[in-house]
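Predicted model only: the values in this text are computed from it and were never measured.
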Amino acid sequence: MSVDTVKRAGQTPDERMPFAELGMKQDEYDRVVAILGRRPTGSELAIYSVMWSEHCSYKSSKVHLRQFGTKAPKSEALLVGMGENAGVVDIGDGWAATFKIESHNHPSYVEPHQGAATGVGGIVRDIMSMGARPVAVMDSLRFGGLDQGDTRRVLPGVVEGISHYGNCLGLPNIGGEVVFDPCYIGNPLVNALCVGLLRKDQIKLATAPGPGNKVILFGARTGADGIGGASVLASATFEDESQAKRPAVQVGDPFMEKLLIECCLELYQADVVVGIQDLGAAGVSCATTELAAKGTGGMTVDLNLVPLRDPTLRPEEILMSESQERMMAVVTPGDIDAFLAICEKWDVPATVIGEVTDTGRLVMTWDGEVIVDIPPGTAADDGPVYERPFHEPLGQHDLNLDTPDSLERPSDLRTTLLQLLASANLSSREWVTSQYDRYVRGNTVLAQPADAGLLRVSEVMPGAEETTRGIALATDGNGRYAKLDPYAGAQLALSEAYRNVAVTGATPLAVTNCLNFGSPEDPEVMWQFAEAVRGLADACKTLGVPVTGGNVSFYNQTGTAAINPTPVVGVLGVIDDVAKRVRSGFPAAGLRVVLLGATYDEFGGSEWAHVAHDHLGGLPPRVNLEAERDLATVLTEAAKQGLLEGSHDLSDGGLGIALAEACLAQGVGATVSLPGGDAFVDLFSESTARALVCLKPEHFETLTDLCARLDVPCYGLGETGGDSLVVEGVLEATVTELRMSHEATLPGVFG
Amino acid sequence: MARVIVDVMLKPEILDPQGQAIARALPRLGFSGVSDVRQGKRFEVEVDGPADDAAIAEVRKMAETLLANTVIEDFVVRVEG
Amino acid sequence: MARVIVDVMLKPEILDPQGQAIARALPRLGFSGVSDVRQGKRFEVEVDGPADDAAIAEVRKMAETLLANTVIEDFVVRVEG
Amino acid sequence: MRVGVVTFPGTLDDQDAARALRLAGAEAVPLWHADHDLKGVDAVFLPGGFSYGDYLRCGAISRFAPLMTELVPAAQAGLPMLGTCNGFQILCEAHLLPGALVRNAGLHYVCRDQRIRVDNASTAWTTDFAEGQEITLPVKHGEGRYVADAETLAELEASGRVVFRYAGSNPNGSLNDIAGITNEAGNVVGLMPHPEHAVEELTGAPGVDGRGFFSSIVRKLVNA
Ligand SMILES: Nc1ncnc2c1ncn2[C@@H]1O[C@H](COP(=O)(O)OP(=O)(O)O)[C@@H](O)[C@H]1O
Ligand SMILES: [Mg+2]
């Protein structure tokens, strides 16, 4: 079968090209023709169709995401901002951290194990491509209802996939979320986060400068992974079905990825890399166009040189293949031998497939004939940008009016506490987290069930200064809040992640986010999206933490039923002396228990309304960013002074759940009395900007002074000790009872 | 009592990292002349009755729903012997 | 080119939790009449030459030293077909 | 005191092992799987991980690494050797220790802090423990169920070669709750739990019970 060449495209200007089958609109196709001054070849069409897809071009979201830049707070810590593979922040002492969260939602529905596994693989390569050593992963998960059949298929597979891939890479899993809601049935969310460390003077970028430099593809061989669409291009006639059987599922090889990690680090150390890019969605198309566009501007590639796992692959398919565990590097001719020798040491196949030029053109050949000749920037950067229409959903107003005020409130608060503690979303996540290695690399200071993961910065990195610092990370997101008010919902996600970082004693520094929504072509979904982005950008500005990167996942819907809008926010913080970190929960008896922050009657979108009444309506708890910031200041300052023995933030389920979890952490009970007039509100309201801390009695006054200075409400609730949680005059439950309620739920469903 | 065998292999186009790792290791162990290795699963299903058409159809259904992940795997059902 | 198959199963006296999990799941999925399931591995080894005695002997050695752990597993080598 | 730490492709806990050795006052000497050089070390630590992806069987491919052709005779000649997790699996595959490690009975990878009883405090790696002492170490594995034929098992029990047993609940269904064993000479020890993840207050498992392994070997080498 002959291949469509540039020459042939010139000779057959009217040949029908299957752009629609590749998801391209007529006007987009017309633009390609205008750019090239002729019809594209099949290979060129392959490149433009993937590069201009929603996934790669952010065409629906771009106009909104710009706010993250325009509203960004000034931050000295930001070394690399949005637009690169991942953002990089300065964490002091010559060290930098890079982190990002990314979705792999749909593949995880189709094949949960492989989908989730390759999600971890992809985000880890993003971090590697910044020049960093990946040091930990996290996973933020959403599933359908716990009692829905498909959840029993999807969850175990997803968890096993993350477990297998992450464990095999030797990356500790230091946190995440597991949330159940029927809105995610058919559209589970698998968002994976990776964080890496590097010397701040050794950041690598995805760029191909220097004509004459070589382009090397290394890692796994290229197979027919994830090229469902490309098969129409590779078939003899576009209607030919024979080739349309390519797998839509990519299978990961974590062992190859582990080799790639060690190999890349050795390449960086040997200083033989000019530019580097991971291969993710859109594989070779994306890597070559982006590297070329950001470099000198031109590149030649001989596609015959791409090592193939499946020798029958056609060039169009090679260009679109999403085979995992591949990287592309730009290397000076003098360093080629050294580069290849390091790859050989690690058993990583590596092949020179092209060269950097100054022609401004990306030129690819196949069997000696030119099949691609394009200005790379037009594919990488000049994709279509849509101002999609949006409007408030029709029922939004009614939804907000349907407040939880009319819901019957319980009188037996003990039963309510145990019921909430055993509920799908608040029960112990141990069934999931025990499948993740949280210890490997020996730097994990806090992991589950702590509010945030915390790592000591003590990697073996040549030339790096010794430091006492640590980094903390948390991810949060609440789709129910966002459904009620996407602007506030995104801010609440940020608030909670920010607070989770602060309770460990770390100072929040920077933000990543993964925006999971339905179809952008639905104006009501688009409104949710626009509101969420606006909310997050505004809140980041107020809190002084810039967005460094992230990911958008649209089309999470079945038919017209979209998921709850689910912005997931990850916050990274730094603690100067990691030994001063605050443990999670009550570590010992005889400590004062203190509640920080004010409580209001707020049950819209609450876990109680969800569990007790299956109700979603009203407005989410009020966002109070100034209060969050002041609370964080109290927490980090108190930690620095060594005042705190333990902490836990208040979020879903309110004070009642926080107290119970704090008791469960080390099996230490507590006796407390409630500050307000309404025990139900005190225990289960989800007001924001609150945290629970415990401390030695002699430090109590210092803490109250600190709180007074920052205007943070502070209530001495009682004291730790005993085998029970006693809320005086309200309820009493032994720690064993709490544990039995908390720990039985997930094993009861998943075995 | 009869034994029905279900062989499950990854579809040919799906990456088989296990098989590849073995294939790469063989030359180092002094085995030459092997061009490829693929690793799959083998199930031995003991059925109560005879391995007649009905039993085999039943095992086939089992393979489809449980033993194989048909998104990425092919399977073959056969009677031992 | 020929294909040689190596079937590897846990020795009968070794507990096979995967097989047992499947056997336990079957009734829940509406399958009855299965008394036992055992799960093992199947390797497809592509040899360059014909599958003659020498090639089979070579694969047998491979199975013995690498593909199976004879402390816990039994294996069978056979030519496809 | 030079203790080698072996890195195979896919080894993960090598940096932890080296750190634990250094904290105990030993010099950690990196050993590379593809070399034939033991660099004159006085003892060897085979750390955990997924060598060769743990494809085929855990430890099956690593066993054939060039370095192993040096390690096996050295172990047989009395060089102290500790294999944890994947290292234990490799020792079994290499027949330096009897039996094998198979898929956890629960079919899941399990990472948790585990109570373990020391049943033999006379091996090269356990003299700083007391017999019967209970310690806490992390376990983290998917294939840690120790199995051996009845005869081997009886022989291990009779000769006191079961070094560690799971106390409390057994995380993987291993026979006789076996968590670790030794060879006849007591110089080669393999166990599924991870002492190298329990040597610092700040990180890893609660407590520092793993230190005993490293202080034992250091004491032995000093006195040698
Ligand atoms: N999918 C997951 N992966 C890793 N850790 C998780 C996951 N889900 C929950 N965790 C961890 O379990 C603990 C409890 O989770 P959760 O109750 O959601 O925390 P919080 O309410 O503080 O946000 C936390 O330490 C969290 O990081
Ligand atoms: Mg929290």
Side-chain angles (χ1 to χ4, degrees), chain B residues 1-12 16 18-52 54-68 73-76 78 80-81, chain C residues 1-12 16 18-52 54-68 73-76 78 80-81:
Chain B
M1 279 263 304
R3 171 175 298 178
V4 182
I5 306 295
V6 182
D7 288 325
V8 177
M9 299 298 292
L10 283 170
K11 293 184 177 176
D16 171 17
Q18 311 218 45
Q20 300 226 326
I22 297 165
R24 277 201 306 268
L26 287 174
R28 266 183 282 123
L29 309 183
F31 294 106
S32 56
V34 171
S35 56
D36 196 18
V37 178
R38 296 194 56 93
Q39 176 173 342
K41 296 176 192 157
R42 172 189 160 95
F43 297 93
E44 298 182 353
V45 181
E46 311 285 341
V47 296
D48 292 338
D52 53 15
I56 292 184
E58 188 78 354
V59 173
R60 188 180 307 281
K61 236 167 61 197
M62 233 174 260
E64 227 164 66
T65 47
L66 184 65
L67 304 182
E73 292 170 329
D74 292 327
F75 65 88
V76 175
R78 59 199 168 77
E80 178 84 302
Chain C
M1 279 261 305
R3 170 174 299 178
V4 182
I5 307 294
V6 182
D7 288 325
V8 177
M9 299 299 291
L10 282 172
K11 292 188 172 171
D16 170 19
Q18 312 197 58
Q20 302 224 324
I22 293 164
R24 273 198 311 272
L26 286 174
R28 262 186 285 127
L29 300 175
F31 295 105
S32 56
V34 170
S35 56
D36 195 19
V37 179
R38 297 198 50 94
Q39 175 173 342
K41 295 174 194 158
R42 170 190 162 94
F43 299 91
E44 298 183 354
V45 181
E46 311 284 340
V47 297
D48 291 338
D52 53 14
I56 292 183
E58 186 78 355
V59 174
R60 187 178 308 280
K61 231 168 67 196
M62 226 176 267
E64 223 167 334
T65 48
L66 180 68
L67 301 182
E73 294 168 327
D74 294 326
F75 67 89
V76 176
R78 61 199 166 77
E80 177 84 303

**Asked** chain B: which of E44(C), R42(C), E46(C) shares the most heavy-atom pairs with it under 4.5 Å?
**Response** R42(C)
**Request:** With sequence neighbours excluded, tell me which residues meet side-chain contact (heavy atoms from CB on, under 4.5 Å) with A54(B).
**Result:** D52(B)
**Under 4.5 Å from a heavy atom of chain B, the part of L67(C) involved** = side chain
**Request:** Under 4.5 Å, heavy atom to heavy atom: which of residues 31-38 of chain C reach chain B? Give them by number, or say none.
**Result:** F31(C), S32(C), G33(C), V34(C), S35(C), D36(C), V37(C), R38(C)
**Prompt:** Got a sec, which residues hit side-chain contact (heavy atoms from CB on, under 4.5 Å) with A57(B), two or more places apart in sequence or on another chain?
**Reply:** none
**Item:** Test log, rule side chain to side chain contact (heavy atoms under 4.5 Å, CB included), inputs L66(C) and L26(B)
**Value:** CA-CA 9 Å; L66(C) 180 68; L26(B) 287 174; 3.7 Å; yes
**Steps toward side chain to side chain contact (heavy atoms under 4.5 Å, CB included) verdict (L29(B), T65(C))** = CA-CA 9 Å; L29(B) 309 183; T65(C) 48; 5.9 Å; no
**Prompt:** Is it true that atom NZ of K11(C) has more than 12 heavy atoms of other residues, nucleotides or ligands lying nearer than 6.0 Å?
**Reply:** yes
**Request:** List in chain and number order the residues that pass side chain to side chain donor-acceptor pair (under 3.5 Å) with E64(C), two or more places apart in sequence or in another chain; answer none if no residue qualifies.
**Result:** none
